[in-house]
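Remarks on the structure that follows.
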Amino acid sequence: MSSARNPRLTARLQGFGTTIFAEMTALAQRHQAVNLGQGFPDFEGPPQIRDAAIEAIKAGHNQYARSFGIPPLTAAIAEHQRHHHGLEYDAETEVTVCNGATEVIASTLQALLDVGDEVVMFEPVYDSYLATVAMAGAVPKVVTLRAPAFDYDRAQLEAAITPKTRVLLLNTPHNPTGKVFSQPELEHIAALCRDHDLIAVTDEVYEHLVFEGEHVPLARLPGMRERTVVISSAGKTFSFTGWKVGWACAPPNLTRAIRTAHQFVTFCNSTPFQHAVAKALALGDEYFDTLREDYRGRRDRLCAGLRDVGFTVMQPAGTYFVCVDIRPLGFSDDMELCRRLPEAVGVTAIPNSAFYVNKEAGRHLVRFAFCKSDPVLDEGIARLRNNIGRLTT
């Protein structure tokens, strides 16, 4: 009689198997489905930035980089934070470049958490967070964002903080809900961090994809810069997700901790891509404005199509994802629906319950991605409209 436990996997990682993204993408490939699940663009980023990577390779920038990032990139990140968010960081002592935001989060939590420390975060939770907390031997304390508005109960957040809490992990704009945390919410979160002497770790990779409201970095609030690690990356902003260039901005004491862990995780990141991303961050405001408006059009296109199919659509204020309530079409189990969609309908989506500790809170929700070209979005919508009935008859 076989056990569900993997005897060759550390106890900390028991239960963390293949990600939902790998499973759904494999189904998409097997059934030649339109992949509206995993969040990668089906189009190229700026050609001049792609060419900058090629030129960096030709110029011989192919050996190890400085562990915390080449000087042109750390300087460009510092300038980006100053220009777009009014945050001043020293490029040499407060900026660290890692192998994508996923590694930044991992290195940061490995550096800051001791065994038994607690991390407060909001669910639905991007899947790497729980695994990374587990690898550090820490304990997640999850507060639920409640559909359809994805607000949170202030009393629940306050109750989640205990004497063992070390870190508050915040993702805004938020994947998978598309929520952009409001100024009053951020002020409440900041007050709790100050009152309980918590370190805030903020995942802001969708910082330039905000359609309603404003992205306000938590570090910009009073008393927060000195206790916040701000994380972002190039993948979402420049549509080169395979380059895996991410960074952390933090005060020197936190930066030293992050760099200590980072040097033993990946040591450094791809040198030619760092040169290219340094040039990308220097693109003018027109690029970022156009990026946002292009994605706004894709969002509106997909949301309208999903409403036409019959889903209840929770129009996102940010990111490039939209969540829908599947119950109006007679479905009640997101995992079952998403496993059947690729073969029966020819479309792939992501079941939201994969992002929840409390699975029931997300079982009626499914996430679609609109980081796709218009023809792909249109084809996905058409397949849903024409074939969804196969699942209800």
Side-chain angles (χ1 to χ4, degrees), residues 20-21 24 36-39 120-127 129-130 140-160 168-186 188-189 203 206 209-213 215 296 298-300 302-341 347-371 381 384 388 391:
I20 193 65
F21 305 107
M24 294 302 151
L36 301 183
Q38 194 166 7
V120 173
M121 62 186 78
F122 294 95
E123 71 171 354
V125 175
Y126 182 68
D127 69 341
Y129 295 176
L130 293 173
K141 299 294 286 293
V142 176
V143 176
T144 302
L145 297 174
R146 303 168 302 189
F150 297 112
D151 54 3
Y152 69 88
D153 185 312
R154 290 193 174 205
Q156 185 187 9
L157 176 59
E158 292 163 11
L168 188 148
L169 177 55
L170 176 68
N171 174 209
T172 183
H174 183 265
N175 173 16
T177 68
K179 174 186 175 67
V180 176
F181 280 74
S182 68
Q183 183 83 24
E185 289 173 326
L186 294 173
H188 178 239
I189 292 167
D203 177 353
Y206 297 99
L209 295 176
V210 175
F211 316 114
E212 272 91 42
H215 170 58
R296 186 193 304 276
R298 296 185 186 102
R299 177 200 65 168
D300 294 348
L302 181 58
C303 285
L306 293 172
R307 287 192 193 97
D308 185 52
V309 171
F311 294 111
T312 296
V313 174
M314 297 158 212
Q315 183 157 301
T319 75
Y320 48 49
F321 304 110
V322 55
C323 293
V324 302
D325 189 328
I326 63 177
R327 291 174 297 186
L329 287 173
F331 304 112
S332 59
D333 188 322
D334 64 327
M335 195 69 71
E336 179 187 4
L337 174 62
C338 287
R339 284 173 171 154
R340 294 177 64 195
L341 277 174
V347 174
T348 306
I350 298 294
N352 269 36
S353 64
F355 303 114
Y356 284 80
V357 174
N358 173 19
K359 300 297 184 186
E360 289 305 316
R363 203 169 297 283
H364 63 291
L365 301 173
V366 164
R367 190 195 81 174
F368 292 91
F370 54 87
C371 50
I381 292 165
L384 285 165
I388 198 75
L391 298 178

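Quantities reported herein were computed from a predicted structural model and do not represent experimental measurements.
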Legend entry - Under 3.5 Å donor-acceptor, Thr172 side chain and Phe181 backbone: yes
Inset, instruction - Would you check if the side chain of Arg307 reaches a backbone N or O of Val313 as a donor-acceptor pair within less than 3.5 Å? - result: no
Inset, instruction - Please name the residue in the list Ile381, Val347, Ile350 that meets the side-chain contact (heavy atoms from CB on, under 4.5 Å) test with Phe368. - result: Val347
Legend entry - Cation-aromatic face contact Arg367/Phe321, 6.0 Å, 45 degrees: yes
Inset, instruction - Applying side-chain contact (heavy atoms from CB on, under 4.5 Å), run through Gln156 and Arg146 and close with a yes or a no. - result: CA-CA 12 Å; Gln156 185 187 9; Arg146 303 168 302 189; 5.7 Å; no
Legend entry - Closest non-hydrogen atom pair, Ala147 against His364: CB-NE2, 4.4 Å
Legend entry - Check: Asp325 side chain, Thr312 main-chain N or O, donor-acceptor pair, under 3.5 Å: no
Legend entry - Taking every non-hydrogen atom, the tightest pair across Gly178 and Pro316: CA-CB, 3.7 Å
Inset, instruction - Go through the steps for Ile189 and Tyr152 under the test side-chain contact (heavy atoms from CB on, under 4.5 Å), then give the verdict. - result: CA-CA 11 Å; Ile189 292 167; Tyr152 69 88; 3.7 Å; yes
Legend entry - Nearest heavy atoms of Cys323 and Pro176, plus distance in Å: SG-O, 3.1 Å
Inset, instruction - Check whether any side-chain heavy atom of Pro351 lies under 4.5 Å from a side-chain heavy atom of Met24, and answer yes or no. - result: yes
Legend entry - Any donor-acceptor N/O pair, His174 side chain to Pro124 backbone, under 3.5 Å: yes
Inset, instruction - Measure the CG-OG1 distance between Asp153 and Thr144 for me, rounded to the nearest 0.5 Å. - result: 9.5 Å
Legend entry - Closest approach of Asn175 to Thr319 (non-hydrogen atoms, all atoms of both residues): N-CG2, 4.3 Å
Legend entry - Nearest-0.5 Å distance that lies between atom NZ in Lys359 and atom CG in Asp333: 11.5 Å
Legend entry - Main-chain N/O of Gly362 paired with Asn352 side-chain donor or acceptor, under 3.5 Å: no
Inset, instruction - Assess whether side-chain contact (heavy atoms from CB on, under 4.5 Å) is satisfied between Gln315 and Val322, documenting all intermediate values. - result: CA-CA 6 Å; Gln315 183 157 301; Val322 55; 5.8 Å; no
Inset, instruction - Spell out, as yes or no, whether a donor-acceptor pair under 3.5 Å connects the side chain of Glu123 to the backbone of Val357. - result: yes
Legend entry - Interatomic spacing from CG in Leu145 to CG in Asp151 - rounded to 0.5 Å: 8.0 Å
Inset, instruction - Flag the pair Tyr356 / Val142 as yes when at least one side-chain heavy-atom distance between them is below 4.5 Å, and no otherwise. - result: no
Legend entry - Side chain proximity check, Val309 to Leu329, heavy atoms < 4.5 angstrom: yes
Legend entry - Phe211 to Arg299 - nearest heavy-atom pair and separation: CB-NH1, 3.5 Å
Inset, instruction - To the nearest 0.5 Å, tell me how far Asp308 CG sits from Leu384 CG. - result: 10.5 Å
Inset, instruction - Return yes if some donor-acceptor pair links the side-chain N/O of Tyr320 with the main-chain N/O of Gly39 below 3.5 Å, else return no. - result: yes
Inset, instruction - Check for a donor-acceptor pair, side chain of Asn171 on one end and backbone N or O of Pro173 on the other, with a separation under 3.5 Å. - result: yes
Inset, instruction - Take Leu365 and Met314 through the test side-chain contact (heavy atoms from CB on, under 4.5 Å) and record every step on the way to the result. - result: CA-CA 10 Å; Leu365 301 173; Met314 297 158 212; 3.3 Å; yes
Inset, instruction - Could you pull out the closest heavy-atom pair between Tyr129 and Met121, with the gap in Å? - result: CB-SD, 4.1 Å
Legend entry - Contact check, side chains of Asp127 and Phe21, non-hydrogen atoms, under 4.5 Å: yes
Legend entry - Close side-chain approach of Arg363 to Glu336, heavy-atom, < 4.5 Å: no
